[in-house]
Amino acid sequence: MNRALEVLQARGFIQQCTDLEGLSTLMDQGPITLYEGCDPTGPSLHIGHMVPYFAIRHLHESGHNVIVLMGGGTARIGDPSGKTTMRQIISYEEIDANAARFLKQLDRFLTFDGKTLYSANNKDWLANLNYIDFLRDIGRHFSVNRMLSFEAYKMRLETGLSFIEFNYQLLQSYDYLQLYKRHGCRLQIGGDDQWGNIVAGIELIRRVEGAECFGLTFPLVTTSDGKKMGKTEKGALFLDPGMTSPYDFFQYWRNVQDADVERFLLMFTFLPIEEIKELAKGKDAQINAAKERLAWEVTALIHGTDEADKALQAAKAAFGGGGDAEQIPSISLDEDRLAKGIGILDLFVEAGLADTKSEARRLVQQGGASVNGMKVVGENAIIDATYHKDGAIMLKAGKKRICRAVVKK
RNA sequence: GGGGAGAUUCCCGAGUGGUCAAAGGGGGCAGACUGUAAAUCUGUUGGCUUACGCCUUCGAAGGUUCAAAUCCUUCUCUCCCCA
């Protein structure tokens with residue numbers, strides 16, 4: 001098989017391919033152009049979006065050309081694939097702002113050179129489509145009977161599917177056709193939930209242009225206990241440091257299950273495969289160390305090595321392995337205020353370790369709150385300047401949530 | 001257009017006038033055990049409160065009643081059947 005595809009396969013990226021042999025042959029003949037599309041429906045990319053981009057880095061490094069497509073047009077419609085409810089309609093301004101943010105985040109991760117790797121936005125050809133022309137030229141190639149048989153719609157046929165969403169597949173297919181015509185794009189990649197849309201695009205190109213194109217999907221990554229990967233209690237694992245701090249991001253990977261370490265190292269880092277196998281084969285202390293490596297590597301890729309180092313130092317300090325306490329997430333505390341004393345419950349809420357005072361109270365009552373490593377015994381405890389240690393007070397909720405209250409003059 | 005079913009706390013889902021801040025499960029949080037893992041066990045899970053208690057919540061708005069998630073009226077939305 002083609003080298004580039006072999007790499008993807010060995011790292012667990014390949015879920016389905018329309019014609020793996022044919023694609024392999026094509027890629028052996030020379031660089032191809034491929035694309036991956038993503039609808040900017042939120043303010044930040046999250047780790048679930050990143051699987052295709054990791055694959056793109058591998059493919060780009062193997063010499064292939066990549067179009068990173070922003071679904072500025074399709075986001076106006078909303079993809080019903082795999083969704084149980086209709087997507088919220090978002091404003092055009094919001095979509096454009098999201099797309100700009102997505103590209104900025106990707107710019108750190110991919111090397112956009114404008115020639116072998118560049119972006120496009122499908123609103124350029126979708127926004128001003130003429131409805132009648134579109135139906136005559138494109139719509140006639142789609143069989144409603146066939147569309148209804150797609151797995152992606154099955155669920156929605158139960159709960160309801162509006163016409164706007166039902167059109168989504170036509171638009172994504174049209175994207176592929178446009179990118180084929182404009183850039184000679186021969187391969188579309190994406191998450192496995194995109195399978196139906198990708199296949200539809202390939203068929204459209206075959207009918208309209210008589211050309212053979214390909215599709216390749218990646219597994220929807222789940223954790224070994226069956227949850228969607230990258231979901232935290234607070235929501236998705238975002239790339240935006242303001243939405244998910246590098247420390248929290250690091251901790252997510254630091255705490256993955258043993259069974260997921262190898263898989264995640266393969267997909268979310270660029271460490272050599274042999275090294276990964278070596279790292280992940282251990283048990284107990286070794287597998288635990290491998291998680292630390294995983295966390296550092298992924299954080300470095302997304303937030304840079306400086307942030308990864310800081311997060312690692314903070315984690316070590318928080319969990320008693322030395323490290324640098326300065327890097328632990330912190331809030332600042334006014335010195336005068338501290339001198340007067342602050343109720344323990346208020347302090348925990350302020351530090352973000354509890355959402356409400358009730359929750360903070362519960363935490364204290366259940367013995368989960370500690371100050372400077374000492375368990376808080378009463379919910380009426382007052383924290384004042386005497387708790388001050390090297391200019392900061394260490395607050396901990398449970399074993400893992402920690403915050404440093406830095407005293408400010 | 002006609003007929004029927006439904007909307008409950010983060011999710012699923014019980015609850016048909018007071019004992020309901022509302023069973024049970026899931027999820028979350030905390031404790032024990034550990035390796036910052038998993039599994040298991042225990043506690044907890046609307047807000048404010050030291051507490052008595054007070055406030056907000058059962059699709060929306062009104063009404064009946066000493067008292068409503070529960071009864072009545074109107075409205076909104078969802079699903080099913082018939083045309």
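Predicted model, so just to flag it, every value in this text is computed and none were measured.
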Inset, instruction - Figure out the NZ/C1' separation between A:K291 and B:G35, and round it to whole Å. - result: 7 Å
Legend entry - Counter-base of B:A60, judged by Watson-Crick or G-U geometry with both distances under 3.5 Å: B:U74
Inset, instruction - Could you give the distance separating B:A14 and B:G6 at their P atoms, to the nearest angstrom? - result: 11 Å
Legend entry - Pairing partner of B:A68 (Watson-Crick or G-U wobble, both distances under 3.5 Å): none
Inset, instruction - Classify the nucleic acid contact of A:V261 as base, sugar-phosphate or nothing, counting any heavy atom under 4.0 Å across all strands shown. - result: nothing
Inset, instruction - Could you give the distance separating B:C48 and B:G15 at their C1' atoms, to the nearest angstrom? - result: 27 Å
Legend entry - Gap in Å between the two C1' atoms, one belonging to B:U76 and one to B:G62, rounded: 15 Å
Inset, instruction - Not counting sequence neighbours, list each pair that qualifies as a salt bridge (charged side-chain N to carboxylate O under 4.0 Å, His left out) and has a residue in residues 357-366 of chain A. - result: A:D346-A:K357, A:R361-A:E379
Inset, instruction - Check every strand shown and say whether A:A354 touches a base, only sugar-phosphate, or nothing at a heavy-atom separation below 4.0 Å. - result: nothing
Inset, instruction - Find the partner of B:A38: check Watson-Crick (N1-N3 plus N6-O4 or O6-N4) and G-U wobble (N1-O2, O6-N3) distances, both under 3.5 Å, and reply none if neither fits. - result: none
Inset, instruction - Sticking with atom P, work out how far B:U74 lies from B:U57, rounded to a whole angstrom. - result: 24 Å
Legend entry - side chain to side chain contact (heavy atoms under 4.5 Å, CB included) involving A:S119 - partner list, sequence neighbours excluded: A:V68, A:L103, A:F112
Legend entry - Same-atom distance (P) from B:U70 to B:A61, integer angstrom: 13 Å
Legend entry - Nucleic acid footprint by protein, nucleotides 41-54 of chain B - heavy-atom cut-off 4.0 Å, B for base, S for sugar-phosphate alone: --BSS-SSBS----
Legend entry - Test side chain to side chain donor-acceptor pair (under 3.5 Å) applied to A:R57 - qualifying residues, sequence neighbours left out: none
Inset, instruction - Verify the contact: side-chain N or O of A:R401 to OP1 or OP2 of B:C29, cut-off strictly under 4.0 Å; return yes or no. - result: no
Inset, instruction - Scan residues 270-317 of chain A for pairs that pass ring-ring contact (aromatic ring centres under 6.0 Å, His included), counting only residues two or more places apart or in two chains. - result: A:F54-A:F270, A:H58-A:F270, A:F249-A:H303
Legend entry - Donor-acceptor pair between A:Q188 and A:Q194 side chains, under 3.5 angstrom: no
Legend entry - Residues that A:A369 engages under side chain to side chain contact (heavy atoms under 4.5 Å, CB included), provided they are two or more places apart: A:F348, A:L363, A:V364, A:V376
Inset, instruction - Examine A:K396 relative to A:F319 and say whether NZ or CZ is less than 6.0 Å from the centre of the six-membered ring and inside a 45° cone about the ring axis. - result: yes
Legend entry - Separation of B:A38 P from A:N288 CG (nearest whole Å): 11 Å
Legend entry - Most 5' of A:R254 and A:A397 on RNA chain B, judged by nearest nucleotide: A:A397
Inset, instruction - Please measure how far the P atom in B:C55 lies from the corresponding atom in B:G4, and state the result in whole Å. - result: 40 Å
Legend entry - Length of the line joining A:K399:NZ and B:A30:C1', which is rounded to integer Å: 8 Å
Legend entry - Within 6.0 Å of OH in A:Y92, more than 12 heavy atoms from elsewhere: no
Inset, instruction - Between A:A285 and A:G367, name the one whose nearest nucleotide on RNA chain B is closer to the 5' end. - result: A:G367
Legend entry - Residue matched to B:C79 through Watson-Crick or wobble contacts both under 3.5 angstrom: B:G4
Inset, instruction - Check the distance between B:A38's P and A:E262's CD and give it to me in whole angstrom. - result: 19 Å
Inset, instruction - Can you tell me, in whole Å, how much space there is between the P of B:G25 and that of B:U42? - result: 11 Å
Inset, instruction - Write down the partner of B:U44 under the Watson-Crick or G-U wobble criteria, each distance required to be under 3.5 Å. - result: B:G28
Legend entry - Mate of B:C20 where both pairing distances stay under 3.5 Å, Watson-Crick or G-U: none
Inset, instruction - Please state how far atom CG in A:D258 lies from atom P in B:U34, giving the value in whole angstrom units. - result: 16 Å
Legend entry - Which nucleotide in B:A38, B:A30, B:A32 has an atom nearest any side-chain atom of A:Q257: B:A38
Legend entry - Between P of B:A37 and CG of A:L294, the distance in whole Å: 15 Å
Legend entry - Separation between the C1' atoms of B:U9 and B:A23, rounded to whole Å: 13 Å
Legend entry - Over 12 non-hydrogen atoms of neighbours within 6.0 angstrom of CG in A:N128: no
